[in-house]
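Right, one structure below, let's go through it.
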Amino acid sequence: MTLIYFIFVLGITILVHEFGHFIFAKRAGIYVYEFSIGMGPRLFKWKRKNDETEYSIRLLPIGGYVSMAGEDSEDKKIPKDKQLCNKSWKDRFLTISAGVLFNFILAIILLFIVGLVAGVPKNDTVIKSIDETFPISETEIKPNDKIIKINNTKINSYEDLSLELALNEGKTIKVTVLSNKKEVEAKFKPLLVEIDGEKAYKYGFTLVNESEKGVLPAIGYAFTKTGRLVKQMAKIIKYLLLGKLKLNNLSGPVGIFKIVDSAAAAGFINIIYLIAYLCINVGFVNFIPIPAFDGGRLLFLIIEKIKGSRVNPKVENTIHFIGFIFLMLLMVVITYNDILRLFK
């Protein structure tokens with residue numbers, strides 16, 4: 001079942017992204033050679049009547065693509081007016097950015113469903129209880145105190161707190177709480193505990209977990225949660241650049257498989273949340289102006305708009321090719337680290 005859920009989760013995330021590109025390409029009258037879900041050897045293919053596009057399902061559920069005429073260079077076999085490179089700036093911009101847009105739209109819809117079914121957490125960082133067997137119990141921190149800083153980094157939400165704790169896994173941390181309108185600081189270390197056969201560092205406190213249900217709270221949750229997750233991912237990129245976060249902290253398909261296993265065990269609503277999370281992740285990462293990503297292609301379009309003429313296609317394609325090689329190397333490193341974690 002984990003394998004089925006894994007294919008489902010990645011398949012939906014990839015499908016909606018590529019479908020965004022596909023729909024806007026068709027809308028703009030661009031000739032689409034192939035719409036593929038998955039990478040590697042082809043398992044199935046089919047064509048619809050009066051449609052030039054070949055639809056494919058490929059073996060590896062780790063990606064997908066929409067192959068369009070004129071994407072890298074002109075194709076003499078296809079009419080010029082049906083090639084991406086000859087379309088208006090607006091059509092090219094919309095076609096390239098549609099994948100990211102569709103990812104975010106699906107994420108908002110799914111988070112609305114999660115909020116409607118599971119309830120909307122208040123997302124507060126107020127401490128509910130403290131375990132007397134942990135070092136935190138020896139500090140001045142007590143239940144009903146609100147965590148506002150971890151190691152001088154401001155904490156405004158549960159996402160902020162979880163990221164900072166992950167960054168400082170196993171380390172002694174300095175926590176600042178708001179207690180009776182006064183700031184109280186304390187340093188304490190976590191303990192390595194075993195839960196369901198897996199070891200993890202815990203700090204010995206739980207947070208207040210109140211929630212509310214209803215359509216309006218679910219709508220608000222869908223948008224605010226999306227915003228918080230985008231902010232969290234921006235922080236992760238920042239910490240990677242600053243060296244606070246290392247590549248071995250990132251996960252690829254192998255790591256996602258393990259996460260899917262845990263999410264499935266917690267219930268199907270957690271699978272829905274995971275799809276939303278991955279959609280935001282894929283959308284955000286693709287929007288970064290890095291060669292070979294959608295954001296990299298959008299950057300060249302913005303440069304074109306500013307300078308009033310197109311960037312040399314050979315130069316742009318070379319830069320994207322180099323970016324793609326680095327991306328593949330990064331995937332190899334991340335996958336290698338994922339495999340090592342499986343055997344720890």
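Numbering starts at 1 and runs along the sequence shown.
In this structure the side chain of F134 reaches within 4.5 angstrom of the side chain of K202, judged on heavy atoms. Looking only at side-chain heavy atoms (C-beta outward), T125 and I148 stay at 4.5 Å or farther from each other. Proximity of F326 to I290: side-chain heavy atoms (C-beta onward) are nowhere separated by under 4.5 Å. Side chains of S157 and K231 form no contact here, defined as non-hydrogen atoms less than 4.5 Å apart. K225 has its side chain out of reach of V114: every pair of non-hydrogen atoms, C-beta onward, lies at least 4.5 Å apart. Contact annotation: the side chain of L207 never approaches that of D124 to less than 4.5 Å [non-hydrogen atoms, C-beta and beyond]. Residues V175 and I136 have side chains not in contact (no heavy-atom distance under 4.5 Å, counting atoms from C-beta outward). Within the 4.5 Å cutoff, side-chain heavy atoms of L241 are placed close to those of I237.
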Dump the intermediate steps for side-chain contact (heavy atoms from CB on, under 4.5 Å) on F300 and R92, then the final yes or no.
-> CA-CA 11 Å; F300 278 99; R92 285 180 286 141; over 6 Å; no
Please assess F8 against I275 for the test side-chain contact (heavy atoms from CB on, under 4.5 Å), listing each intermediate value before the final yes or no.
-> CA-CA 9 Å; F8 175 70; I275 295 173; 3.6 Å; yes
Decide yes or no on side-chain contact (heavy atoms from CB on, under 4.5 Å) for V285 and M233, but give the supporting numbers first.
-> CA-CA 9 Å; V285 170; M233 289 168 195; over 6 Å; no
Assess whether side-chain contact (heavy atoms from CB on, under 4.5 Å) is satisfied between I173 and E164, documenting all intermediate values.
-> CA-CA 10 Å; I173 56 172; E164 293 305 319; over 6 Å; no
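More than 12 heavy atoms of other residues, nucleotides or ligands lie within 6.0 Å of OH in Y65, so this atom counts as buried by the packing criterion. Atom NZ of K90 is surrounded by 12 or fewer heavy atoms from other residues, nucleotides or ligands within 6.0 Å. The neighbour count for Y239 OH, taken as heavy atoms of other residues, nucleotides or ligands under 6.0 Å away, is above 12. In the displayed structure, N312 atom CG is contacted under 6.0 Å by more than 12 heavy atoms of other residues, nucleotides or ligands. Heavy-atom contacts from other residues, nucleotides or ligands closer than 6.0 Å to CZ of R27 number 12 or fewer. Atom NZ of K307 has more than 12 neighbouring heavy atoms from other residues, nucleotides or ligands inside a 6.0 Å radius. No more than 12 heavy atoms of other residues, nucleotides or ligands sit less than 6.0 Å from atom CG of N209.
The aromatic rings of W89 and F93 lie parallel to each other, with less than 30° between the two planes, well short of the 60° mark. In this structure, F22 and F35 have parallel ring planes: the angle between them is below the 30° cut-off, well short of the 60° mark.
Not one N or O on the side chain of N103 forms a donor-acceptor pair closer than 3.5 Å with the backbone of V16. Judged by distance alone, the side chain of E18 and the main-chain N or O of G99 form no donor-acceptor pair under 3.5 Å. Put simply, the side chain of K87 gets close to the backbone of A28: a donor and an acceptor are under 3.5 Å apart. Within the 3.5 Å criterion, the main-chain N or O of L116 finds no donor-acceptor partner in the side chain of K213. At least one donor-acceptor pair under 3.5 Å links the side chain of D145 to the backbone N or O of K142. The backbone N or O of R228 sits nowhere less than 3.5 Å from a side-chain atom of E159 that would complete a donor-acceptor pair.
Annotation for S137 and D131: closest pair CB-O, 3.7 Å, computed over non-hydrogen atoms. A pairwise comparison of heavy atoms in I96 and H21 identifies O-CE1, 2.8 Å as the closest pair. Contact between T139 and A186 at its shortest, heavy atoms only, is CB-CB, 3.7 Å. Considering every non-hydrogen atom in both G115 and A218, the closest pair reads C-CB, 3.9 Å.
Every side chain to side chain donor-acceptor pair (under 3.5 Å) that N168 has, sequence neighbours left out, goes to N151. Residues satisfying the side chain to side chain donor-acceptor pair (under 3.5 Å) test with N281, not counting sequence neighbours, are none.
Y55 and R48 share a donor-acceptor pair across their side chains, judged by distance under 3.5 Å alone. For the residue pair D72 / H320, no side-chain donor-acceptor distance below 3.5 Å is found, with atom types taken as modelled. In the model, D75 has no side-chain atom that pairs as donor or acceptor with a side-chain atom of Y31 under 3.5 Å. Between the side chains of T53 and K26, at least one donor N or O lies within less than 3.5 Å of an accepting N or O.
Between atom CZ of residue R42 and atom CD of residue E54 there is a gap of 4.5 Å, rounded to the nearest 0.5 Å. The CD1 atom of I236 lies 8.5 Å from the CZ atom of F284; values are rounded to the nearest 0.5 Å. A distance of 4.0 Å separates NE2 of H17 from CG of N286, quoted to the nearest 0.5 Å. Distance check: L15 CG to L10 CG gives 12.0 Å after rounding to the nearest 0.5 Å. Here the CD1-CG distance, from I288 to L298, works out to 12.5 Å after rounding to the nearest 0.5 Å. Atom-to-atom distance recorded for I150:CD1 and I155:CD1 is 5.0 Å, nearest 0.5 angstrom.
Pairs engaging residues 182-194 under the salt bridge (charged side-chain N to carboxylate O under 4.0 Å, His left out) rule: none recorded [sequence neighbours left out].
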